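From a predicted model like this one, the values you see are computed outputs, not experimental measurements. Basis for what follows: all heavy atoms, side chains included, without hydrogens, waters or symmetry-related copies.
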Amino acid sequence: MAEKVIVRFPPSPTGYLHIGGARTAIFNWLFAQKTGGKFILRIEDTDVERSSEESVRGIIESLKWLGITWDEGPYFQSQFTKEHVAAARKLLKTGHAYECFCTKEELDRKREEARKKKAALQYDGACRNLTPEEVAEKEAAGMQYTIRLKVPRGEGFVSFEDIVYGIIEKKYQDIEDFVIVRSNGQPLYVLSNAVDDIRDGITHVIRGQDGLANTPKQILIYKALGAPVPKFAHMSLTLDPKKAKISKRTHGESVAVHFYKEHGFLPWAFVNYLALLGWSTPDSREIFSKEELIEAFSLKGISRVNCIFNVRKDDPKFFTDPKAISINANYIRNLPVEELEPYVREQLEKAGIWDPDYAREKRDWFLRTIDLIRSRYHVTTDFATLGRCYFSDDYSTDPKPLKKNILKHEGLKEWFHILADRLEDVEEFTLEETERVIREMAEEFGFKAGILINGIRTAVTGQPKGPGLFDVLIAVGQHRVVQRLRKAVKFFG
RNA sequence: GGUCCCAUCGUCUAGCGGUCUAGGAUAUCGGCCUCUCACGCCGGAGACACGGGUUCGAUUCCCGUUGGGACUACCA
């Protein structure tokens, strides 16, 4: 019987949740879901300078929005500082660590020298072999010290099998005696993280590849503490189009999860897209429901190659990775309308054009209208912008089609008038009837129907494009169509 | 500088020695549909970084070069 899987996502609350972090969270979550394991959220807030409560709230909100649920936590690393220090004390006692009295200045100087000589910048182990008397003497003199792990010396190496990258070996001589506790008594990440993982019983560490290089150090800590070493699965990093690691500093909002929430992404569509960054199935399948993704997920599908989040700043057509948009658009047009409904509602509310009746007597109409227009929308905000004319009479008319479809044809001034009257008189405002009236009128006046149709479209929607005109007329409704046609006459001044 | 990781269309990727004249998706271009736009459908262009091996045979295995990335803090 295999032991139960326990994974964790340990963000440090120094800003919003960005897509790299979200991706890590998603993979951990998927693995837990897939294996029936446990997913723990742990906030690593030990960097007091940079951590903030606001950031914690933001991260949690983003995770919730994505639909990433955790079974335990959030725990806060800062609450376990005592444990971390106790672990260091234990290591000191068991001879796995030692006190180092070197000052920061000394070390910086040595490092600088090494750099000049182009040698490795490792700590030289100056305090490693201090006698107990020397240590006592320095302590008595009130000298501050850091605690360093005593890395085994000699020919051996640390070895582990990463689930994604395979066997990784690191020679002891390439690992310096690294600091695990600061001179002010604060434990360091490399220690705290390991101690927390041991306490939480983490069985699989799934994290970014940037953790790969210090995994040997952590394994050394596990071993020195006599704890079982978890399995590791490192995932490739997410880079920007210039192949630089994505960061809040250089990319700002465009890499923040909340940015996608605000820009009309469906949470699951975004998760689906993120899951596809650096993970795939043998059949290259792309669209997965939640259940399907969990079913299909496997750590084996994680790629070793860094992937690029193709953000396009200042691209008029794509405000972010086109693939992300295309997946979102795919969901918008294929989801059962009822599932899309709440998101559209949210956008209309935000735009101040929500009518409570859309949830009651007009709900049928509301759903039909969403269904009518959704195939050309990419983000849910489009319903309130491009689709505004369906939900509000206060919509603007695009000057380009106004000129091309309306003003260019002077006859429309009169025909809109006539048409408005005729449409007002139609008893059954149906697809067939409206089409008949309009086509007959075009013939009567010797016009190509297209000219009349495009003119009406622009008058009624303010736009040059959209669904088939007769569908539009039905959706907008007889009364409003007549009104809008009469109003359009004013365009001729 | 040192250690480590990686390398297939612009991007996300399939491929795990012959099935590859390299598949899918997205983006892009052309066509069909048509009252416009989108959807949908059809088609085009577009990649195995380079050089050595190993092998009857390399995109696939090994080595090197080049390129990219990570780590290298008393940050997490």
Side-chain angles (χ1 to χ4, degrees), chain A residues 10-14 44-47 49-51 77 100 102-104 107-108 111 114-122 144-148 162 165 168-171 173-176 178-184 186 188-190 192-193 208-217 234 236-237 239 241 243-245 273 276-287 303-310 312 317-318 321-327 329 333-334 373-378 401 405 435 438-439 442 448-458 463-470:
Chain A
S12 58
T14 55
E44 303 211 324
D45 58 344
T46 44
D47 185 344
E49 297 280 302
R50 299 193 300 152
S51 297
Q77 186 167 62
C100 169
C102 299
T103 63
K104 193 150 197 296
L107 294 172
D108 285 344
R111 229 192 313 270
R115 199 188 303 276
K116 274 181 197 151
K117 280 192 279 185
K118 301 204 167 184
L121 304 352
Q122 282 195 13
Q144 292 210 312
Y145 59 87
T146 60
I147 300 176
R148 289 182 183 269
D162 188 272
Y165 286 91
I168 306 281
E169 290 176 347
K170 182 116 171 168
K171 296 193 194 93
Q173 50 184 282
D174 289 328
I175 309 174
E176 67 174 353
F178 54 96
V179 176
I180 53 177
V181 178
R182 292 189 188 87
S183 53
N184 66 4
Q186 286 290 322
L188 248 53
Y189 161 78
V190 69
S192 308
N193 184 263
Q209 195 229 69
D210 46 352
L212 193 59
N214 60 43
T215 301
K217 289 182 184 175
H234 286 88
S236 58
L237 263 20
L239 276 20
K243 297 205 171 179
K245 207 173 154 182
Y273 163 74
L276 256 26
L277 270 185
W279 176 83
S280 62
T281 56
D283 59 359
S284 294
R285 188 174 163 193
E286 313 236 273
I287 303 293
S303 167
R304 284 181 288 272
V305 188
N306 289 164
C307 51
I308 292 172
F309 178 61
N310 208 2
R312 304 186 168 197
K317 197 163 176 191
F318 303 101
D321 192 321
K323 186 114 188 181
I325 292 180
S326 104
I327 288 176
R333 66 176 179 268
N334 292 320
I373 58 187
R374 63 173 169 165
S375 77
R376 66 216 84 209
Y377 294 168
H378 294 159
N405 295 340
E435 175 156 14
I438 289 166
R439 288 200 187 279
K448 272 172 77 182
I451 291 175
L452 196 49
I453 286 172
N454 285 325
I456 298 169
R457 173 178 290 106
T458 301
Q463 290 164 23
K465 49 195 185 182
L469 179 76
F470 310 108

field: Any-strand Watson-Crick or G-U partner of B/rU11, both distances under 3.5 Å
entry: B/rA25
statement: Of the candidates B/rC6, B/rC12, B/rA14, the side chain of A/Arg304 sits closest to B/rC6
Between the protein and nucleotides 41-48 of chain B, list the N/O to N/O atom pairs that are separated by less than 3.5 angstrom.
none

query: When we call it a touch if two heavy atoms are under 4.0 Å apart, what does A/Leu469 touch: a base, just sugar-phosphate, or nothing?
result: base
- prompt: Using atom C1' of each nucleotide, how far apart are B/rU13 and B/rU3 to the nearest Å?
  reply: 30 Å
task: Could I get the full list of side-chain hydrogen bond (donor to acceptor under 3.5 Å, both in side chains) partners for A/Thr146, not counting sequence neighbours?
output: none
task: Starting at atom CZ of A/Phe178, determine the distance to atom C1' of B/rA76, rounded to an integer number of angstrom.
output: 15 Å
task: Using the P atom on both, measure B/rU26 against B/rU21 and round to a whole Å.
output: 26 Å
field: Complementary nucleotide for B/rU34 - Watson-Crick or wobble, under 3.5 Å
entry: none
task: Could you pull out all residues at least two apart from A/Lys323 that satisfy salt bridge (charged side-chain N to carboxylate O under 4.0 Å, His left out)?
output: A/Glu286
message: Tell me the closest heavy-atom pair linking A/Ser236 and A/Tyr165, and the distance in Å.
response: CA-OH, 3.8 Å
- request: Not counting sequence neighbours, which residues clear salt bridge (charged side-chain N to carboxylate O under 4.0 Å, His left out) with A/Asp108? List them please.
  value: A/Arg111
What nitrogen or oxygen pairs link the protein and nucleotides 37-40 of chain B at under 3.5 Å?
residue, atom, partner, partner atom, Å
B/rC37, O2, A/Arg376, NH1, 2.2
B/rC37, O2, A/Gly466, O, 3.3
B/rC37, N3, A/Arg376, NH1, 2.7
B/rC37, N3, A/Gly466, O, 3.3
B/rA38, O2', A/Ser375, O, 2.6
B/rA38, N3, A/Ser375, OG, 3.1
B/rC39, O3', A/Arg333, NE, 3.4
B/rG40, OP1, A/Arg333, NH2, 3.4

- line: Side-chain contact check for A/Asn310: nearest option of B/rG10, B/rC12, B/rA76 is B/rG10
- prompt: Phosphate oxygens OP1/OP2 of B/rC74: is one of them under 4.0 Å from a side-chain N or O of A/Ser183?
  reply: no
field: ring-ring contact (aromatic ring centres under 6.0 Å, His included) partners for A/Tyr145, two or more places apart
entry: A/Phe101
message: So, using salt bridge (charged side-chain N to carboxylate O under 4.0 Å, His left out) as the criterion, who are the partners of A/Arg50 when residues are at least two apart?
response: A/Asp47
- prompt: Base, sugar-phosphate, or nothing: which does A/Ser326 touch, judged by heavy atoms less than 4.0 Å apart?
  reply: sugar-phosphate
query: Is A/Ile453 close to A/Phe470 at the side-chain level, that is, under 4.5 Å between some pair of heavy atoms?
result: yes
Enumerate all atom pairs, one protein N or O and one N or O from nucleotides 28-32 of chain B, separated by less than 3.5 Å.
residue, atom, partner, partner atom, Å
B/rU28, OP1, A/Lys317, NZ, 2.6

- request: Counting heavy atoms from C-beta on, name the nucleotide in B/rC74, B/rC12, B/rA27 closest to the side chain of A/Lys104.
  value: B/rC74
task: Could you work out which one of B/rU26, B/rA14, B/rC75 sits closest to the side chain of A/Arg50?
output: B/rC75
message: Within the 4.0 Å heavy-atom criterion, would you say A/Gln77 contacts the bases, only the backbone, or no part of the nucleic acid?
response: sugar-phosphate
- request: Sequence neighbours left out, what passes ring-ring contact (aromatic ring centres under 6.0 Å, His included) with A/Tyr377? Give chain and number order.
  value: A/Phe383
task: Remember a base hit wins even if backbone is also touched, and classify A/Thr46 as base, sugar-phosphate or nothing at under 4.0 Å, heavy atoms.
output: sugar-phosphate
- prompt: When the distance from CG of A/Asp108 to P of B/rC74 is rounded to whole Å, what number comes out?
  reply: 8 Å
query: Under a 3.5 Å cut-off for both distances, is B/rC61 Watson-Crick or wobble paired, and to whom?
result: B/rG53
- request: For A/Ser12, report the nucleic acid contact type (base, sugar-phosphate, nothing); a contact means any heavy atom under 4.0 Å.
  value: sugar-phosphate
statement: On RNA chain B, more 5' by nearest nucleotide between A/Pro11 and A/Arg439 is A/Arg439
- prompt: Side chains of A/Ile438 and A/Leu469: closer than 4.5 Å at any heavy-atom pair?
  reply: yes
query: Can you name the residues that form a salt bridge (charged side-chain N to carboxylate O under 4.0 Å, His left out) with A/Asp174, not counting sequence neighbours?
result: none
query: Of all heavy-atom pairs between A/Leu239 and A/Lys245, which one has the smallest distance, and what is that distance?
result: CD1-CA, 4.0 Å
task: Mark up nucleotides 65-72 of chain B, 5' to 3', with B wherever a protein heavy atom is under 4.0 angstrom from a base atom, S wherever such an atom reaches only the sugar-phosphate, and - elsewhere.
output: ---SSSS-
- request: Specify the closest pair of heavy atoms between A/Asp210 and A/Asn214, including all atoms of both residues, with the distance to one decimal.
  value: O-ND2, 4.5 Å
Counter-base of B/rA70, judged by Watson-Crick or G-U geometry with both distances under 3.5 Å: B/rU3
task: Only counting residues at least two apart or in another chain, list the ones meeting side-chain hydrogen bond (donor to acceptor under 3.5 Å, both in side chains) with A/Asn405.
output: A/Thr458
- line: Minimal heavy-atom distance between A/Thr14 and A/Ser51, with the atoms involved, is CG2-N, 4.3 Å
message: By nearest heavy atom, map A/Ser303 and A/Asp174 onto RNA chain B; which one lands nearer the 5' end?
response: A/Asp174
